[in-house]
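So that the names make sense, note that chain A is the first sequence line, chain B the second, and so on, each numbered from 1.
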Amino acid sequence: MPARTEDKAAGHAAAVEALRDVPQVPGASKPDPILVVDHVSRQFGGLKAVDVAHMEIQRGAITALIGPNGAGKTTLFNLLTGFDKPDSGTWTFNDRSVAGQAPYRLARIGMVRTFQLTKALSRMSVMDNMLLGANGQSGERVLQALLPFIWRGQERANTSRALELLERFNLHEKLDDFAGSLSGGQRKLLEMARALMVSPEIVMLDEPMAGVNPALTQSLLGHIKNIREKGTTVLFVEHDMDMVHDISDWVIVMAQGQIIAEGPPDAVMKDEQVIEAYLGSRHGSALTDDGASLTPDAQGGNS
Amino acid sequence: MDYLQILSLTLTQAFGVTALIYLFAAIGLNVQFGYTGLLNFGQVAFVAAGAYAVGVIVLTFDLSLWLAIVVGMVVSTLLALLLGIPTLRLRADYLAIVTIAASELLRLLVRSIAFKDVFGGAQGLNGKLGRQFHDLNPLPADVALPVFTWSRQDLWVVIVGWGLALLATLLVWGLVRSPWGRVVKGIREDEAAVLSLGKNVFVYKLQALVIGGGIAAFGGILWAVAKQSVQPDTFQPDVTFFVYTILLLGGAARVFGPIVGSIIFWFLLAGFGELLYALINNGYIEFLAAQQVGSMRFMLMGLGLMLLMIFRPQGIFGDRRELALDAR
């Protein structure tokens, strides 16, 4: 696939170029942020799960949010997408304050997330899963629903868009199958494709690689890169350093609810604080990309 | 023994007025539980709302039956909103608890002495509730049908009732094949996923509750019109569970599930009853008394349902492949 490789370079190069002069400190400001987070905190009992002073996500780049288990990555995701309410804090999406908005409103204005435990709608066909992602379908209003001539045209347009996406994600042969009959990896792909049906400006992937076999991981990574190439910003949670290194343009590291480091993947992996957070203090060897995967909790996997 | 007569009586009940009332409740429950996944354990409250709307408007206030039908729809909508707004944002179990409690509350309220002037207390409201409807009866006299043995009045109710039931089924078919139906099915599968795709899940669940409740209330209106009597203690919680049985029997989330389920349920229930009566009256069974038939037929019915769940757990119309899939 030479064409795709070329494309890949283009989006990646642009993101790297844009982020070149960004200082590598926690909470660094970006040249063109799509998402700006200020003083967001969330407490569970006595535990401060999230306490982020400032965070900016660069538009058009793939940003990885990493950190050991329990660092608060998923909680932060839930807060930003409206699935949980913070104790304090504000955040803006495209310069518009969206704190406290319901999840469905955030999705409609272009902020779409996926889940760590894949949520394929099992007893619905792959195609129906996809069509559910399309927004503005007037047949979803209860009265218009009874008048097919109102929504047929939209349905056709959505179907052909869904077919394109399914083809891109190699699911086009499965379109009539129940989503519940897909393999774990295919469900991840479907969830990603379905999120793209919403036509988001940013997709937030919560551990897209969790529970996927290594062979499929590579193709999943390719798909994520592809999302950026089409102009969509990607923010994803992961704790496997190798994968992060491969695809992200920028890495934000969380530990104990706070952002402890930021920077391009190479720099972050050499950061003393990050190594400490992952392996505990006074661990001898530095993190390199010599193939030693750094999954602090290989058997658990959920933060 | 006259087997033909047993069959005739059984079929008359399987397609008769009571079966129709349960059918409406089941069509409504199919929208709520079958397609949207709402655990409504108080469907009988919507039936009661429809029946009492007729009773109160026609008998207590001496107003038109047609107004009563409108009031029945309004009351059932209000009931759905009242039950839904506080609970539908919470986990599914809360709706279940609130609906079953509300249905009992409603029954105790209408049978209370405090409101005897309006709802008639424990005796309920009895009188010419459906007079305006029966006045429209175009049938000249009792019609001799080949199998069924309905009176002129019942036949008129049955004709209109089945017409309306088919219309309600058509409405459900139209809804669930549309993008609206896709959203509610998505909610049944996983609410959070649908929420993350930009759908206001709460509003859809409320709509499903209102639509399903309205259809069930129509069953209640039919009840009052056909039986010309509304009594509080007929609206016990077990009505709701018979409705669930009917729905699962036919196959949940199938457009024709409630129709088939209702016919089979009443065919079996009435059939066991008639057969047992005949066997006792003819001396074939001596260990049972005639007054025990009522309970015995429910036992046999339970056995039949167990067999169905063992050999065809997806219901008559269901798709076994769906059942094999993990719902979440």
Side-chain angles (χ1 to χ4, degrees), chain A residues 78 81-83 102-115 117-125 127-148 150-152 154-155 158 177-182 191 194-195 197-200 204 206, chain B residues 31 34-37 77 80 89 167-168 170-212 214 251-254 314 318-328:
Chain A
N78 286 344
T81 51
F83 279 85
Y104 70 92
R105 283 193 198 278
L106 292 171
R108 283 185 200 166
I109 61 172
M111 204 169 137
V112 176
R113 70 168 298 179
T114 65
F115 296 86
L117 298 167
T118 324
K119 293 184 181 298
L121 306 168
S122 302
R123 288 178 294 173
M124 292 171 76
S125 72
M127 185 45 112
D128 275 350
N129 264 268
M130 291 297 284
L131 290 174
L132 203 55
N135 266 302
Q137 166 59 275
S138 47
E140 288 179 357
R141 293 169 184 274
V142 67
L143 292 177
Q144 272 104 311
L146 292 169
L147 307 168
I150 293 179
W151 46 261
R152 277 255 164 77
Q154 275 175 302
E155 194 79 346
N158 289 341
D177 293 10
F178 281 127
S181 70
L182 299 181
E191 199 181 22
R194 193 176 64 193
M197 272 304 278
V198 189
S199 312
M204 302 171 63
D206 195 352
Chain B
V31 176
Y35 289 103
T36 318
T77 304
R89 285 180 205 276
L167 268 180
L170 191 69
L171 172 80
V172 172
W173 174 76
L175 281 175
V176 300
R177 71 194 263 271
S178 75
W180 184 88
R182 193 164 56 220
V183 176
V184 299
K185 280 180 239 172
I187 292 171
R188 177 190 69 197
E189 297 301 304
D190 195 313
E191 217 176 293
V194 178
L195 198 57
S196 78
L197 296 172
K199 319 293 173 194
N200 190 349
V201 165
F202 174 68
V203 166
Y204 283 97
K205 291 205 285 189
L206 210 51
Q207 285 171 345
L209 197 63
V210 167
I211 294 168
R254 303 284 143 184
Q314 70 274 39
D319 184 340
R320 195 156 201 162
R321 288 180 309 152
E322 275 187 30
L323 217 61
L325 296 172
D326 184 14
R328 251 146 238 264

> Would you say the side-chain atoms of B:E189 pair up with the backbone N or O of A:R123, donor to acceptor, closer than 3.5 Å?
Replying inline: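 Between the backbone of A:R123 and the side chain of B:E189 there is a qualifying donor-acceptor contact (under 3.5 Å).
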
> Does B:K199 reach the main-chain N or O of A:L132 with its side chain, forming a donor-acceptor pair under 3.5 Å?
Replying inline: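 Looks like yes, one N/O pair under 3.5 Å.
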
Is [X] close to chain B through its backbone or its side chain, or both, or neither, when contacts mean heavy atoms under 4.5 Å?
| X | answer |
| --- | --- |
| A:P103 | both |
| A:R194 | both |
| A:E155 | side chain |
| A:A134 | backbone |
| A:V142 | both |
| A:L131 | both |

>> Ignoring hydrogens, what is the shortest heavy-atom contact between A:R108 and B:G198? Give both atom names and the distance.
In response: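 Smallest interatomic distance, heavy atoms only, reads NE-O, 2.8 Å.
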
>> For a quick test of reading the model, state the closest non-hydrogen atom pair linking B:G186 to A:L121 and the distance between them.
In response: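 Closest heavy-atom pair between B:G186 and A:L121: O-CD2, 3.7 Å.
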
> Checking heavy atoms, do the side chain of B:L171, its backbone, both or neither come under 4.5 Å from chain A?
Replying inline: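 Both parts, backbone and side chain.
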
> Measuring heavy-atom distances to chain A, does B:A192 have an atom under 4.5 Å in its side chain, in its backbone, in both, or in neither?
Replying inline: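 It is both, since atoms from each part get that close.
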
> Among A:E191, A:R113, A:K119, which residue meets the side chain to side chain contact (heavy atoms under 4.5 Å, CB included) test with B:S196?
Replying inline: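 Of the listed options, the one satisfying the test is A:R113.
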
I'd like to verify something: which residue of [options] has the highest number of heavy-atom pairs under 4.5 Å with chain B?
| options | value |
| --- | --- |
| A:I109, A:N135, A:T114, A:V198 | A:N135 |
| A:A145, A:P148, A:A102 | A:A145 |
| A:L146, A:L147, A:T81 | A:L146 |
| A:D128, A:L106, A:N158, A:N129 | A:D128 |

> Under 4.5 Å between any side-chain heavy atoms of B:P179 and A:Q144, yes or no?
Replying inline: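 No; the side chains remain at least 4.5 Å from each other.
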
> Looking at residues at least two apart in the chain, or sitting in another chain, which of them share a ring-ring contact (aromatic ring centres under 6.0 Å, His included) with A:F83?
Replying inline: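 Once residues adjacent in sequence are excluded, the partners of A:F83 under the ring-ring contact (aromatic ring centres under 6.0 Å, His included) criterion are A:F115.
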
>> Can you tell me how far apart CE (A:M127) and CZ (B:R182) are? Round to the nearest 0.5 Å.
In response: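 Going from the CE atom of A:M127 to the CZ atom of B:R182 covers 9.5 Å.
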
>> With a 6.0 Å cut-off (strictly less than), is the heavy-atom count around CZ of A:R141, excluding the residue itself, greater than 12?
In response: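 Count not over threshold, so no.
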
